[in-house]
Amino acid sequence: MARLGRRLRLIVGILALAEAMPVARADGWADGGADALNPAVVAAETRVSLGFAVQGTRYGENFAGTSDQESGVLPGLTAGISRLGPLLGISGVYTGVVYDFAGGPLTYDGYIQGGPGAGLAPYTATDHARFNSLEVRLGRGVALSPRVDIIPFVAAGYQNWYRDIGGAGGYGEFYRAAVAGLGARVDVAVTDRLVVSATAEGLAVIGGRASAPALGFAGDFGTSGEEAVHLGADWRLGNALHLFAGLGVRHFDYTGSGLDNGLYEPPSSTLIVRSEVGVTFGFR
């Protein structure tokens, strides 16, 4: 009986030790699978969001060594919807749509083509600008550790800028282009309610075009590049209500166009620094 008692105690001890040890499951984080995504990250990425933004913009053109400059700080808004979870039998699928807007006065300090004399004429005015961008993302989340997930994704979208330069020599001009490329987002669950993120993207700017109807001008751009980085934080207040904040930097080029009606669009570079704060509503 004493020997049987010792064996029973040994078996109970082994079972207790096994229960305390982590178990490597096929759908668990031990395999780095999408089913192991941190619940706080899933909650932060499954949401509808609306926020206020402040956008710093700097635009520069190059007329054979002579440059136009536009700069200023504009108010704006941001809105989006995203989801991280199973879809069509695939776990950890990430889908998202983000819309950004900014509008207001930019300082224009440069030149206009034509005028009383030949060539370029110096000109200073205000651009009453409006910017829109829309981006759609599709990816899949992968657990790097119990609290760190990465989401590689493909992205496609559209951007436009309405440029309305005032004054006697002013005119309206419309820029538009499509974008497509790759990105990755890293989410870190600092706590069960706070998630911080870092996103990087490399995109191609394709199908770009500028037009100024009052000047009888329209011109197509070649393919160029766009780069973007973004840092963000999501703080869950309750089951559905979150607060978010973010800071991002985006840069893109336009290649310029050929002559049309004696005018052309020169190569240009745009730098945008954008911050936002707002609320999100989670759903499952």
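In this text, all values refer to a predicted model and were calculated from it rather than measured experimentally.
- Formation of a donor-acceptor pair under 3.5 Å by the Arg236 side chain with backbone atoms of Asp192 is found in this model.
- Separating the CH2 atom in Trp235 from the CG atom in Leu241 is a distance of 10.0 Å, to the nearest 0.5 Å.
- Between the CG atom of Leu84 and the CG atom of Asp187 there is a distance of 8.0 Å, given to the nearest 0.5 Å.
- The environment of CZ in Arg147 is crowded: more than 12 heavy-atom neighbours from other residues, nucleotides or ligands sit within 6.0 Å.
- Taking every heavy atom of both residues into account, Leu243 and Leu237 meet most closely at CG-CD1, 3.8 Å.
- Interatomic distance, CG of Asp253 versus OG1 of Thr223, reported as 12.5 Å (0.5 Å rounding).
- No continuous path of hydrophobic side-chain contacts links Val154 to Val136 [ILVMFWY only; heavy atoms under 4.5 Å].
- A chain of hydrophobic side-chain contacts below 4.5 Å, direct or via other Ile, Leu, Val, Met, Phe, Trp or Tyr residues, connects Phe281 to Leu194.
- Using modelled atom types, one finds no donor on one side chain facing an acceptor on the other under 3.5 Å when comparing Thr270 with His251.
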(Q) Between Ser49 and Phe244, is the side chain to side chain contact (heavy atoms under 4.5 Å, CB included) condition met? List the steps. (A) CA-CA 9 Å; Ser49 62; Phe244 76 89; 4.0 Å; yes

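- Listed here is the closest heavy atom pair of Ala102 and Leu74: CB-CB, 4.2 Å.
- Here the shortest heavy-atom pairing between Ala245 and Val277 reads CB-CG1, 4.0 Å.
- If you check the side chains of Glu265 and Tyr175, you find a donor sitting under 3.5 Å from an acceptor.
- A distance-only check finds no donor-acceptor pair linking the side chain of Asp127 to the backbone of Tyr108 [under 3.5 Å].
- The shortest distance between side-chain heavy atoms of Leu138 and Tyr94 does not fall below 4.5 Å.
- Using a 4.5 Å cut-off on side-chain heavy atoms (C-beta onward), Arg250 and Glu201 make contact.
- Closest heavy-atom contact between Ala155 and Leu203: CB-CD2, 4.2 Å.
- Looking only at side-chain heavy atoms (C-beta outward), Val42 and Thr46 come within less than 4.5 Å of each other.
- If you check the side chains of Asp149 and Asn38, you find no donor sitting under 3.5 Å from an acceptor.
- The shortest heavy-atom contact between Pro266 and Tyr264 is CD-O, 3.6 Å.
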Q. Can you list the steps and then say if Leu134 with Val97 is a side chain to side chain contact (heavy atoms under 4.5 Å, CB included)?
A. CA-CA 7 Å; Leu134 180 71; Val97 180; 3.7 Å; yes

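- Distance alone, capped at 3.5 Å, places no donor-acceptor pair between the Ser71 side chain and the Arg58 backbone.
- In this structure, Arg176 contributes its side chain and Tyr158 its backbone to no donor-acceptor pair below 3.5 Å.
- Residues Tyr171 and Ile165 form a side-chain contact, since some pair of their non-hydrogen atoms from C-beta on lies under 4.5 Å apart.
- Atom OG of Ser197 and atom CG of Leu231 lie 7.5 Å apart (nearest 0.5 Å).
- Taking the six-membered ring for Trp, Phe174 and Trp161 have ring centres at least 6.0 Å apart.
- The hydrophobic clustering, which links ILVMFWY residues whose side-chain heavy atoms are closer than 4.5 Å, places Leu50 and Ile81 apart.
- When the side chains of ILVMFWY residues are joined at heavy-atom separations under 4.5 Å, either directly or via intervening members, Ile272 and Leu77 end up in two distinct hydrophobic clusters.
- For the residue pair Val249 and Val273, the shortest heavy atom distance occurs at CG2-CG2, 4.3 Å.
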**Q.** Full working for side-chain hydrogen bond (donor to acceptor under 3.5 Å, both in side chains) between Asn132 and Tyr162
**A.** CA-CA 9 Å; Asn132 293 277; Tyr162 180 63; over 6 Å; no

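- Counting heavy atoms from C-beta outward, Gln55 and Val73 have side chains that stay 4.5 Å or more apart.
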Q: Tell me, with the steps shown, if Arg193 and His242 meet side chain to side chain contact (heavy atoms under 4.5 Å, CB included).
A: CA-CA 9 Å; Arg193 292 183 177 270; His242 303 227; over 6 Å; no

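- Between Ser269 and Tyr254, every side-chain heavy-atom pair lies at or beyond the 4.5 Å cut-off.
- A donor atom on one side chain and an acceptor atom on the other are not found under 3.5 Å apart for Arg47 and Thr280.
- With rounding to the nearest 0.5 Å, the separation of OG1 in Thr78 from CG in Asp100 is 4.0 Å.
- In this view, Arg163 and Glu61, Glu70, Glu173 satisfy the salt bridge (charged side-chain N to carboxylate O under 4.0 Å, His left out) rule, not counting sequence neighbours.
- With hydrogens and angles left out, the side-chain atoms of Ser82 and Arg137 include no donor and acceptor closer than 3.5 Å.
- Qualifying salt bridge (charged side-chain N to carboxylate O under 4.0 Å, His left out) partners for Arg209, counting only residues two or more places apart in sequence or in other chains: Asp220.
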Q: Assess whether side chain to side chain contact (heavy atoms under 4.5 Å, CB included) is satisfied between Tyr59 and Ser268, documenting all intermediate values.
A: CA-CA 7 Å; Tyr59 169 84; Ser268 65; 3.5 Å; yes

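- Linking Ile, Leu, Val, Met, Phe, Trp and Tyr residues whenever their side-chain heavy atoms come within less than 4.5 Å leaves Val98 and Val48 in two separate clusters.
- Looking only at side-chain heavy atoms (C-beta outward), Ser224 and Val205 come within less than 4.5 Å of each other.
- Here the straight-line distance linking atom OG1 of Thr124 with atom CG of Asp109 works out to 4.0 Å at 0.5 Å rounding.
- Between Val179 and Phe252 there is no side-chain heavy-atom pair separated by less than 4.5 Å.
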